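Here is the structure we will look at.
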Amino acid sequence: MGQSVTARAHTNIALVKYWGKQNPTLIIPYNSSLSMTLDHFYTDTTVHFSTDLTADQIMFNHQPADAKTAKQMSQFLDLIRQRAHLPLFAAVETMNHVPNAAGLASSASGYAALAAAGARAAGLTLNKRDLSRLARRGSGSATRSIYGGFVEWQRGTNDIDSYAIPVQEFVDWDIQMIAIVLNDRPKSITSRTGMANTVATSPYFSAWVKTAQAMIPEMKAAIVKKDINLVGRLAEQSAMQMHATTLSAVPPFTYFEPETLQAIKVVQTLRQQGVSCYYTMDAGPNVKVICTSRETPQILAALAPYFSPEQLLVAQSGPGVSYR
Ligand code: DP6
């Protein structure tokens with residue numbers, strides 16, 4: 001097996017959040033989710049299976065991966081090896097293209113790129129749906145990064161029917177995100193642990209699942225209408241409802257930090273002044289502002305007293321997985 005394959009996948013930000021697994025081994029979520037793939041933040045991954053190796057060799061930006069990440073990625077490669085009946089170890093070189101200290105480096109682009117490069121390097125021919133299912137086994141959010149634009153991850157109930165579908169692959173209307181990078185310290189509670197704790201202990205979890213699931217058709221309709229205000233309002237609701245489940249977990253926890261509230265306050269104030277902008281956040285303190293490119297300069301100006309230009313990253317919708 002000599003083929004060395006490189007794939008690129010972009011990260012995505014969920015507008016309707018995924019939070020909670022019905023099956024943690026297969027990564028089957030409780031609720032469907034819907035995201036926008038971003039243009040600026042992506043991962044390039046090269047995989048090469050070789051008879052010369054006695055173990056997987058996993059590099060990140062030219063450095064060996066830490067033990068935990070290397071183990072998770074090897075287990076993911078096992079899925080590909082089993083499927084391809086390929087008893088060989090792999091050399092994996094991952095390059096994360098995210099601006100310095102973005103704190104956005106994501107398992108979404110990482111596992112989507114690894115699935116695409118790994119499968120092809122192992123001689124498998126997988127279509128996008130198969131790739132989405134495979135990427136899901138690495139990280140839930142990676143399921144969606146196979147496609148560009150707006151993407152729905154249909155929750156399903158098993159390994160076969162839980163995958164992403166494109167909702168609007170080519171986004172021909174004005175919507176973008178400003179990522180406000182508040183800090184790049186490692187998360188205190190990973191999304192994996194956070195969602196497991198929430199599922200196990202939050203009395204609000206069943207309400208979360210019900211509301212999130214009901215929001216999917218509403219969000220799709222808002223996208224079809226190209227209605228930035230409706231998309232933003234729903235996305236904000238989804239994010240805050242997700243974060244409410246962490247506050248109601250036992251013991252409670254939160255991803256909010258003081259700077260998170262500062263950023264949210266700026267967005268709320270702008271909105272009172274008639275600017276169409278909304279916020280969302282994931283399993284970390286960073287805030288992403290959903291807005292139009294027309295209003296971006298005004299929003300950046302309002303954020304400038306609190307955050308440096310390096311902390312403010314503007315992204316548009318981006319493409320699905322590709323081979324280099
Ligand atoms: C808050 O995909 O990182 O970003 O499946 O355990 O790897 P695992 O979790 P991950 O969780 C993402 C959670 C989220 C919401 C979202 O992206 O939908």
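The basis for the numbers below is simple: all heavy atoms, side chains too, and nothing from hydrogens, waters or symmetry mates. Model, not experiment: these values are computed from the prediction. Positions are given from 1, in the same order as the sequence printed here. All ligand and atom numbering here is 1-based and tracks the order in the structure.
Near Ser141, meaning under 4.0 Å from one of its heavy atoms, ligand 1 places the atoms 2 (O), 3 (O), 10 (P), 17 (O). Interface of Ala14 with ligand 1, defined as ligand atoms under 4.0 Å from a residue heavy atom, comprises 16 (C), 17 (O), 18 (O). Taking a cut-off of under 4.0 Å to the non-hydrogen atoms of Ala283, the atoms of ligand 1 that pass are 1 (C). Interface atoms of ligand 1 facing Met242, defined by a heavy-atom separation under 4.0 Å, are 1 (C).
Across Ser139, Gly110, Ser191, Gly284, heavy-atom proximity to atom 7 (O) of ligand 1 is greatest for Ser139. Of the candidates Trp153, Tyr255, Tyr18, it is Tyr18 that places a heavy atom closest to atom 13 (C) of ligand 1.
When only interatomic distances are considered, the shortest N/O to N/O separation between Arg192 and ligand 1 falls below 3.5 Å. Residue-to-ligand polar distances place Lys21 within reach of ligand 1: an N/O pair is separated by less than 3.5 Å. Distances between N or O atoms of Gly140 and those of ligand 1 include at least one value under 3.5 Å.
Within the 4.5 Å cutoff, the side chain of Met177 has heavy atoms near those of the Leu15 side chain. The side-chain heavy atoms of His10 and Thr43, taken from C-beta on, include no pair separated by under 4.5 Å.
Residues Trp19 and Ser191 have side chains that never bring a donor and an acceptor to within less than 3.5 angstrom of each other. Side-chain polar atoms of Thr46 and Thr6 form a donor-acceptor pair below 3.5 angstrom.
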message = Test salt bridge (Lys or Arg N to Asp or Glu O under 4.0 Å) on Glu236 and Arg271; report intermediate values, then the result.
response = CA-CA 13 Å; Glu236 203 174 281; Arg271 206 152 68 213; 2.7 Å; yes
message = Set out, in order, the CA-CA distance, both residues' side-chain angles and the distance that settles side-chain hydrogen bond (donor to acceptor under 3.5 Å, both in side chains) for Asn12 and Arg144, then state yes or no.
response = CA-CA 7 Å; Asn12 70 78; Arg144 301 182 303 239; 2.9 Å; yes
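Ion pair Lys288/Asp282 flagged as a salt bridge, since at least one NZ, NE, NH1 or NH2 atom sits closer than 4.0 Å to an Asp/Glu carboxylate oxygen. For Asp161 and Arg133, the salt-bridge test fails: no basic side-chain N is under 4.0 Å from an acidic carboxylate O.
Residue contacts with ligand 1 for Arg144 involve side-chain atoms from C-beta outward but no N, CA, C or O (heavy atoms, distance under 4.0 Å). Residue contacts with ligand 1, taken as heavy atom pairs separated by less than 4.0 Å, involve Ser107 solely via side-chain atoms from C-beta onward.
Not close to ligand 1: Arg136, with no non-hydrogen atom less than 4.0 angstrom away.
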